Amino acid sequence: MNRRLGILLLVCVALSCGTKKKAAPAAPATRDFPMAEVPVMITEPHERAVWIAQHFWDRFTQPDKLYACDSLLVNGVPNEKLEQQVGLFASILQNLPLQDGMAAMETTYNRLEAFQKAQPKGNVFEKTSALIGRYFYDPNSPVRNEELYLPFVSKMAVSDLVPDSEKGQYAWDTRVCSLNRIGTPAADFRFVDTAGRNRTLYGIKAEWTLLIFGNPDCTACRQLMEDMGASVAISNLINSGRLKVVDVYIDDEIDLWKERRDSYPSAWINGYDPTFTIRTDRIYAVRAVPSLYLLDQDKNVALKDCPAELALQILETL
């Protein structure tokens, strides 16, 4: 009996081992975004901000370490947390002098590219560059800035990490970002005003010119009119003649514009592009309306296709 019992026990053990379920794979380890830490010897606020901008991605892209990368994680960081950091990065750059911000953006591209080449199985370059494009270049982004995006997208256009099928789009975006750059003379053009007179942009004489490419049926354009009308500071600028507002319709439904032209503020200079030069020759990159440019008295670009909120803030400080 003892021998038979022993055999039965061995059979039971063998069966239990053969039917044992495999352990479920461990969930990918996640981590918080590793923030850059400013050296304690850097105390001046501007220097600290520049240092953060230059080193924002250092700890996230340490080349000797690759964390989990899949549809939900980018080098161990959840997608939504990475997007939050790109938003924070954009805010930091917006508050730096332009040249410092552009230098930080070039450093960012170089850092991402180097990491991708060191860790080719990762998704850091693909995911982070897509988010940077969305925040800095999407026409609906509240922090879009073509000047800051230019150092990044110009490198994307020639990168061996970018598929050849996508390089053409990045090359086009580079050209768009290169139009009417801040500090350069704005492109002149002809338009017809509400009285039927031929005008030119450079024929408008004022200390400041706010150039708007808008549409009478655009909800955001109407909101801009209301916000500007409600600002005492901006109204004073216009009434004093220091600021001229030039709103130009560039689409082809001229009859629609003529029907709605009385909806524009009478203190503005309103008109339309009769030859569609702006649309066809792409002397301005109007990717969404309203598109705003602030020009100085020499028609040099001070603000380029900037969010309306930013333009209003700047105008109220003039």
Side-chain angles (χ1 to χ4, degrees), residues 33-63 74-75 82-118 124-138 141-162 167 170-185 285 293-294 296 300-307 310-311 313-314:
F33 184 87
M35 300 295 296
E37 298 178 357
V38 184
V40 294
M41 69 283 296
I42 301 177
T43 58
E44 198 277 323
H46 171 72
E47 292 180 0
R48 290 176 65 85
V50 170
W51 192 96
I52 281 286
Q54 282 285 345
H55 297 274
F56 192 91
W57 304 98
D58 286 7
R59 296 181 63 203
F60 178 60
T61 56
Q62 292 178 334
V74 183
N75 206 20
L82 177 61
E83 181 165 354
Q84 290 171 3
Q85 295 305 314
V86 173
L88 175 61
F89 180 63
S91 298
I92 292 171
L93 264 58
Q94 293 279 11
N95 288 288
L96 288 178
L98 180 59
Q99 293 305 315
D100 289 332
M102 294 177 68
M105 186 63 90
E106 183 173 2
T107 298
T108 294
Y109 177 87
N110 293 337
R111 186 82 189 184
L112 294 175
E113 181 182 64
F115 180 79
Q116 188 65 34
K117 290 181 176 180
V124 169
F125 182 85
E126 176 188 359
K127 290 290 189 72
T128 310
S129 62
L131 286 171
I132 286 175
R134 184 190 307 171
Y135 272 73
F136 286 89
Y137 190 60
D138 188 292
S141 170
V143 292
R144 67 183 182 276
N145 191 311
E146 291 180 4
E147 291 287 335
L148 291 176
Y149 188 52
L150 181 58
F152 194 93
V153 71
S154 61
K155 287 181 174 288
M156 293 285 287
V158 296
S159 173
D160 55 5
L161 297 178
V162 173
K167 287 182 180 179
Y170 287 121
W172 174 256
D173 294 342
T174 299
R175 179 185 179 277
V176 167
C177 291
S178 300
L179 294 173
N180 302 294
R181 296 191 61 190
I182 290 177
T184 67
Y293 292 74
L294 181 63
D296 67 17
N300 293 317
V301 179
L303 291 176
K304 173 187 177 182
D305 189 28
C306 63
L310 175 60
Q313 291 174 12
I314 298 298

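All values reported here derive from a predicted model rather than from experimental measurement. Both backbone and side-chain heavy atoms feed into the values below; hydrogens, waters and symmetry mates do not.
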On the 0 to 90° scale, with breaks at 30° and 60°, tag the Y109-F125 ring pair as parallel, tilted or perpendicular.
perpendicular

Residue pair E146 / D305: nearest heavy atoms and the distance that separates them
OE2-OD2, 3.5 Å

Salt-bridge test for E37 and R59: reply yes if a basic N is under 4.0 Å from a carboxylate O, no otherwise.
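So E37 pairs with R59 through a salt bridge.
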
Does a side-chain N-to-carboxylate-O contact under 4.0 Å join D160 and K117?
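Answer for the salt bridge query: yes.
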
Less than 4.5 Å apart, side chain to side chain, heavy atoms only: is that true for [X] and [Y]?
{"X": "M105", "Y": "F136", "result": "yes"}
{"X": "C177", "Y": "E147", "result": "no"}
{"X": "L112", "Y": "I132", "result": "yes"}
{"X": "F89", "Y": "T108", "result": "yes"}

For W57 and F115, what are the C-alpha separation, side-chain angles and deciding distance, and is it a ring-ring contact (aromatic ring centres under 6.0 Å, His included)?
CA-CA 10 Å; W57 304 98; F115 180 79; over 10 Å; no

Is atom CD of Q94 surrounded by more than 12 heavy atoms (other residues, nucleotides or ligands) closer than 6.0 Å?
yes

Near-ring test F60/F33, centroid separation under 6.0 angstrom:
yes

Show your reasoning for whether side-chain contact (heavy atoms from CB on, under 4.5 Å) applies to E83 and R134.
CA-CA 10 Å; E83 181 165 354; R134 184 190 307 171; 3.2 Å; yes

